[in-house]
Amino acid sequence: MRNNTAEIVDIAAQRASNISRLKRFYSEMILIRTVEQTLLDLFSEGLLRGTVHTCLGQEASAAGVINALDKDRDIVCSNHRGHGHYLAYCADVEGLIAEVMGLPQGVCGGIGGSQHLHRKNFYSNGILGGMSPIATGFATAEKSKNSGAVTVVFHGDGAMAEGAIYESFNLAALWQLPILFAVESNKYAQSTRIESEIAGSFLGRAEAFGLTAAEVDGNDVLAVNDAATEIVSNIRTGKGPAMLVLDTYRMGPHSKGDDDRNPQEIESHRDNCPITRTRTQLDADWCDETKLAATAKVDAVVNTLKASRGRTD
Amino acid sequence: MRNNTAEIVDIAAQRASNISRLKRFYSEMILIRTVEQTLLDLFSEGLLRGTVHTCLGQEASAAGVINALDKDRDIVCSNHRGHGHYLAYCADVEGLIAEVMGLPQGVCGGIGGSQHLHRKNFYSNGILGGMSPIATGFATAEKSKNSGAVTVVFHGDGAMAEGAIYESFNLAALWQLPILFAVESNKYAQSTRIESEIAGSFLGRAEAFGLTAAEVDGNDVLAVNDAATEIVSNIRTGKGPAMLVLDTYRMGPHSKGDDDRNPQEIESHRDNCPITRTRTQLDADWCDETKLAATAKVDAVVNTLKASRGRTD
Amino acid sequence: MTTYLASLQTSLHNAFEADARVVLLGEDVLDPYGGAFKVSKGLSTDFPNRVMTTPISEGAITGVAAGMAMRGMKPVVEIMFGDFLTLCADQIVNHIAKFRGMFNDQVRVPCVIRTPMGGGRGYGATHSQSLEKMFLGTPEIRIVAPSHAHDPGEMLAKAVLQAEEPILFLENKLLYPMSLAESEGAINVEYWDKESGYPTAIVRNHSLTAADVTVVSYGGMSRVILPLLEELAEEEISVTAAFPGSLQPLPIDSLIMAASESGRVVIAEEGTEAFGWGSEVSALLGEHLYGKLEAPIVRLAAKSRVIPAAEAGEEDALVQATNIEDAIMGLLV
Amino acid sequence: MTTYLASLQTSLHNAFEADARVVLLGEDVLDPYGGAFKVSKGLSTDFPNRVMTTPISEGAITGVAAGMAMRGMKPVVEIMFGDFLTLCADQIVNHIAKFRGMFNDQVRVPCVIRTPMGGGRGYGATHSQSLEKMFLGTPEIRIVAPSHAHDPGEMLAKAVLQAEEPILFLENKLLYPMSLAESEGAINVEYWDKESGYPTAIVRNHSLTAADVTVVSYGGMSRVILPLLEELAEEEISVTAAFPGSLQPLPIDSLIMAASESGRVVIAEEGTEAFGWGSEVSALLGEHLYGKLEAPIVRLAAKSRVIPAAEAGEEDALVQATNIEDAIMGLLV
Ligand SMILES: Cc1ncc(C[n+]2csc(CCOP(=O)(O)OP(=O)(O)O)c2C)c(N)n1
Ligand SMILES: Cc1ncc(C[n+]2csc(CCOP(=O)(O)OP(=O)(O)O)c2C)c(N)n1
Ligand SMILES: [Mg+2]
Ligand SMILES: [Mg+2]
């Protein structure tokens, strides 16, 4: 009886904690989505130039993985589709939007732009695969400094065809580095399906190079966070480098308007979107309020930024 | 009874055929070794410059793999340690020695040198890993021409850390190309042991990229030839790309005199040298004669070449 | 009037029809996408087995193209952005450019590596460069860059169908949508070095035998130079502009001839200045026209720093029409 | 007298002692091997945890060095042959050279990429090149090359311990065994641009204020120029040679000053001519010394083809002392 009660209490505590995590992740994910949609709007308005690769539909991997980190010391290397990672890392809405708009308030003064972000321990670059050696160097330095920091580097499924990644796997395993290779497998690289890009298996590749590897439903934010938390803790305690494959789907275009996929195919993923899925687990009103708050926040930032460049709606 | 007799006849036939293959391979291997040792001597004499990476101790992989090919149409891509591959491919002793000596009679007019050989369908380059994309292109062309040709590309264990190889694996598997990646794993890259160079497993790597993979005792020339023959036939009949790992050991220095390995370690491999092992399976007198013939042949070539550059012993 | 892009598209189409050995490979080159800049649009529909979409492995696919070329095919490989040629550098420099020579002239590597270069689109530091300088000077490859005054499709056809050598074929992002320039109004276009297949476009805003200033430039930079020449015509400043279609080898004689029309030379390029294309042009002209120039050669190029994503920053970093105008005026005072 | 190699070895040793953040990584760099050209010999014995032998992954280890530099260390990465920089091109050009600028000056990448360049050892087409031209002109990296008249160890110490920027540090295979050149007999060596840490070595075979000819060169080419200057001294031909330690940025004022000592300039480099280092030097001198040169600038460089393995072919491909002598004489008739 006692045992049973204890169990029930545990389960309840677990559920409460899950709910509170879900709320946090929902807030972050809805903020990411709002920012991304705002960026697409700004592009249509002619207030943005260049590329904007949004992570619509993939918000769970950003929120889930990056919240598994110790943001004060861990390091994030991101790629061309890095806005979500950036916001999950530091919630700097203004710095990001301004950066993509090419304004001096941008986190890199507007010089970097969408693909080239840096703040504290966050670094992104638009060369696919290219950050893996850099991240490996970060991990080498942190290991040699005994800082306990973990480095996570994000790649898409398509980028996994770049040789630099396998050179990095080999180094990471040889030197038992504190590094996590996160693969956001959204099944497409630009216009090309994964079947035409990638042979074999991601998990097999990582394991064959001596990494531990796991795969998770990348649209289940709790599952992502649980998996990432366990892996990051293993890495931090010296168990060596790892890979985490996040199965997900890109709901938006590759960059601005380029999407030749069958609309039905996209539609079929709608219910599986991490934000929709999280919402079903939470109070709908709370979700709506949170969404409104995010919109208000982003709108305010956008208005300030538009004003600063001498334009308003 | 009948069955039994038939079996005995089969075994006898098999043995006879093995003996005849062994003799052929022994002749080739002893020729390779004689040429390699001659090149080292010429280097000491000051008649060679540059690098000479000899394949002493690894003759079985050259003879075993390349004799599994259809030399009229198949393609060989070789690396810095390619003299054995070249001789197994075309037995052109004079063209090779002259090339390494930098003479116009060389197969590339002395321009290429030891690492840059080309004759018919044989191509080598001194950039580790770099020939894998080229070989993949050869295989793509041959597949699209429906020529039935198989391409084999040789890498050492150390070179397997180059990213270009994994880009090639991926392409080869995606496109189901007629290509064999042969890995001569001699446990060293220059001065560095394989444990400091390569994490995980070669077979696992190939399989994880969608190649079929096998490993063989690279000093057992019959086993090498059997394995390669089966794999090449599978590839030729459209079963897709493959890898063959050849376990072997380099008995000589990396290039000319640079060998810091423990002499006892080297000694411990002496009996396992493919030439020694083959010799124990053949008639010793025949082997001695064959060796003498190889020496005579190589000496004659060297004398002619020395004379042609205005020098003799 | 056909655009730079349409000219390339049509040319590829014709090349595919003319020679069954021609194939194209690259990232996202299949229809309906047809490549990031749409150069292969329509091609895979008409020639489904000869257009191959590839994984994101720039180094390997460049090597694959070379390998195919060495085995009797005529491959065209598209590198999505010129910035990614860094990833192909080893295949280009240590393989493609070496085989013919180091194998004692016994092989040929007739592959075409097509890629768009240049800024002006806000893509930022890693997607806006003009990296041709990395390969200029590498023996045994030709580097070609159609300007606004060229027919890019003609040059591509030559490269794909007739060339025996490896060719780096540089397109320009901002030129794609533009109509091909023609002689019109004050502008007169003529072509030298036609027999090479990669002509030097000579654009004059005058019909004199002498000019006030000669501008030597290439590729995307032509986009701002042609309108500038029109403007300057109104001010009766006569300018001869030379845009070699072949960046390497350079049509030295033509450049000397064009420079001699004025004796005052402005060299403009989209890449950075030091150790660039213009360095060689300035060196050659300075050496060959020793004592014959009316003024020191002026070079204009991008600032020696990363190309910002922000519009104003990008404009400031790259050479603009006003910079060229100022340089021309500076030579005339 | 210490050799070029010993100077580098000692310098690394001292740098390791001076600053615990210094580490070295590369292929086969551990003792007893100590690197293919022995530059790290002894280092791993004395600093076992700070010398890391790497797999054969030139691209990745260059990125690793950069990553370490961005996280507070001072890495030196050895690329076994300069020819393999092609494999590092993406990390150098699109990462290392970009971070500081595109991250708006918020990071530094103080890594040193050391590598030997040059031919003369019969290694053939892929192991004998002088590929610095590929990186010359890339903004935000410094390129350094000690000549025979430099103290390479001093320059390396500066690069490793003090520089904030990424540095490509080019050594020369044939210089390694040579004793450092000093003022001796007819030869007088002085240093300009000392404050930069990468001085320009000015070598004269005379004590006049004017010279007959100025030779501008760098790195391994100095090996044949110093003896040539001695020879020419006997014929009373006065030559001033300038060897900048920093190839990029160039010490322009010093080169102008050195060139002005004679007004007759020969530029000699080991790499190929077109779009090379000498192109920029010729362009700059031609532009700055317009009307002040006594003769057209002469450039000498390798033939535009692969470097043969065979001795005679290699000698023919690369610039020899006699070519330089002929050029000097040619300027004096
Ligand atoms: C080295 C390199 N090659 C090509 C590109 C152009 N490019 C940008 S995103 C992209 C597709 C990437 O696919 P994936 O890695 O799956 O990421 P996703 O866009 O799906 O998030 C391509 C080809 C690039 N930026 N860098
Ligand atoms: C890209 C590249 N990196 C480095 C070298 C220098 N190098 C030549 S052979 C060699 C060791 C190669 O080891 P492995 O691949 O195992 O072949 P092995 O020499 O053992 O046959 C090295 C590092 C090279 N030639 N190319
Ligand atoms: Mg994807
Ligand atoms: Mg080996």
Side-chain angles (χ1 to χ4, degrees), chain B residues 43 46-53 79-80 98-106 108-117 124-131 155-166 188-199 254-255 258-262 309, chain D residues 25-38 40-41 44 51-64 79-81 83-88 90-91 119-129 131 173-174 303 305-317:
Chain B
F43 195 90
L47 291 171
L48 292 190
R49 311 188 308 149
T51 42
V52 197
H53 304 103
N79 59 0
H80 63 295
E99 186 61 33
V100 182
M101 288 176 80
L103 300 177
Q105 301 95 309
C108 291
I111 296 175
S114 166
Q115 305 194 81
H116 311 116
L117 304 171
S124 75
N125 197 358
I127 302 290
L128 299 175
M131 287 304 278
H155 294 112
D157 47 340
M160 294 299 291
E162 291 286 3
I165 295 177
Y166 302 94
Y188 279 89
Q190 206 143 333
S191 72
T192 308
R193 284 193 58 89
I194 189 167
E195 296 78 23
S196 308
E197 301 262 348
I198 298 294
H254 167 66
S255 58
D258 51 343
D259 203 339
D260 295 312
R261 292 175 300 181
N262 184 333
R309 65 194 293 284
Chain D
L25 60 163
E27 296 159 16
D28 299 291
V29 293
L30 297 185
D31 288 332
Y33 203 72
F37 292 92
K38 310 303 164 204
S40 63
K41 187 113 185 157
S44 70
V51 183
M52 304 155 73
T53 197
T54 70
I56 304 171
S57 308
E58 288 79 7
I61 64 175
T62 302
V64 165
I79 301 299
M80 194 185 280
F81 280 75
D83 309 69
F84 311 154
L85 285 181
T86 48
L87 290 160
C88 317
D90 185 61
Q91 288 296 318
R121 292 188 49 153
Y123 289 154
T126 62
H127 286 63
S128 309
Q129 301 168 88
L131 286 188
K173 297 182 195 112
L174 293 185
K303 299 226 162 71
R305 52 179 169 85
V306 306
I307 300 176
E311 189 156 14
E314 183 166 23
E315 272 177 20
D316 181 59

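Residue numbering restarts at 1 for every chain, and letters A, B, ... go by the order of the sequence lines.
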Exercise for the section: Can you tell which part of D/Phe84 gets under 4.5 Å to a heavy atom of chain B, answering side chain, backbone, both or neither? Expected result: side chain
Handout entry: Residue among D/Gly122, D/Gly124, D/Ser57 with most heavy-atom pairs under 4.5 Å to chain B
Key = D/Gly122
Completion exercise
Scanning both residues in full, the closest heavy-atom pair of B/His116 with D/Thr126 reads NE2-OG1, 2.7 Å
Handout entry: Options B/Gly110, B/Pro104, B/Gly113, ranked by heavy-atom pairs under 4.5 Å with chain D, top entry
Key = B/Gly110
Exercise for the section: Grab the two heavy atoms, one from B/Gly50 and one from D/Tyr123, that are nearest each other, plus how far apart they are. Expected result: CA-CD2, 3.6 Å
Fill in the blank from the handout: The reported gap from NZ in D/Lys38 to CG in B/Asp258 (rounded to nearest 0.5 angstrom) is 6.5 Å
Handout entry: chain B contact via D/Thr54 - side chain, backbone, both or neither, heavy atoms under 4.5 Å
Key = backbone
Exercise for the section: Could you tell me which portion of B/Ala189 (side chain, backbone, both or neither) has an atom closer than 4.5 angstrom to a non-hydrogen atom of chain D? Expected result: both
Handout entry: For the student: nearest non-hydrogen atoms of D/Pro55 and B/Ala161, plus distance
Key = CB-CB, 3.6 Å
Completion exercise
Between B/Ala159 and D/Ile56, the two heavy atoms sitting closest are N-CD1, 4.1 Å
Fill in the blank from the handout: The interface call for D/Leu30 against chain B, heavy-atom contacts under 4.5 Å, is neither
Practice task
Against chain B, label D/Met80 side chain, backbone, both or neither, depending on which of its atoms sit under 4.5 Å from a heavy atom there.
Solution key: side chain
Exercise for the section: Say whether, by atom type as modelled, one donor and one acceptor occur between the side chain of D/Arg121 and the main chain of B/Thr51 under 3.5 angstrom. Expected result: no
Handout entry: Contacting moiety of B/Glu162, where chain D heavy atoms sit under 4.5 Å
Key = both
Problem - Contact winner vs chain B - D/Pro32, D/Ala312, D/Ser128, heavy-atom pairs under 4.5 Å - result: D/Pro32
Problem - Minimum side-chain heavy-atom gap D/Glu27-B/Gln190 below 4.5 Å - result: no
